[in-house]
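The structure appears below as C-alpha cells.
These numbers come from the heavy atoms of this one structure, side chains and all, not from hydrogens, waters or symmetry mates.
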Amino acid sequence: MDFLVHKELLETRLSREAAQGQQVAVLEAALKRLDMGEFGYCRICGKDIDPVRLRTAPENPFCPSCSD
C-alpha cells in the first residue's frame, strides 16, 4: 500500500480509538456520579434532569438549558 493510504488508515483508527476512549471516560464519570448520589442532577444548575433525557443519554450530566 501507498504511504498516504497507511497514514490515512492509521489516523482513522487513532481517531476511532480516541473517541472510544473518550466515551469510556464519560461513562465512568456517570457511574461515579451515580455512586456519589449526584446522578440525575445537572452539574451546572443542580436541577433534576428529565428521566426521558437520562434514558436517552444517561452519560449527559447537564439539563437541556445548560447543554446549550
Looking only at heavy atoms, what is the nearest atom pair of [X] and [Y], with distance?
X: Glu59; Y: Ala30; result: CA-CB, 3.9 Å
X: Phe62; Y: Ser67; result: CB-OG, 3.4 Å
X: Asn60; Y: Ile49; result: O-CD1, 3.8 Å

Spacing of CD belonging to Glu28 relative to CD belonging to Gln23, to within rounding of 0.5 Å: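 Taking CD in Glu28 and CD in Gln23, the distance rounds to 10.5 Å.
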Straight-line distance of Cys66 SG to Lys47 NZ, nearest 0.5 Å: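 Here the interatomic distance stands at 7.5 Å.
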Are [X] and [Y] packed together at the side-chain level, in the sense that at least one heavy-atom pair is separated by less than 4.5 angstrom?
X: Asp48; Y: Tyr41; result: yes
X: Ser65; Y: Cys45; result: no
X: Lys32; Y: Glu38; result: no

Any donor-acceptor pair under 3.5 Å from Thr56 side chain to Val52 backbone: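 Yes, because the side chain of Thr56 sits within donor-acceptor range (under 3.5 Å) of the backbone of Val52.
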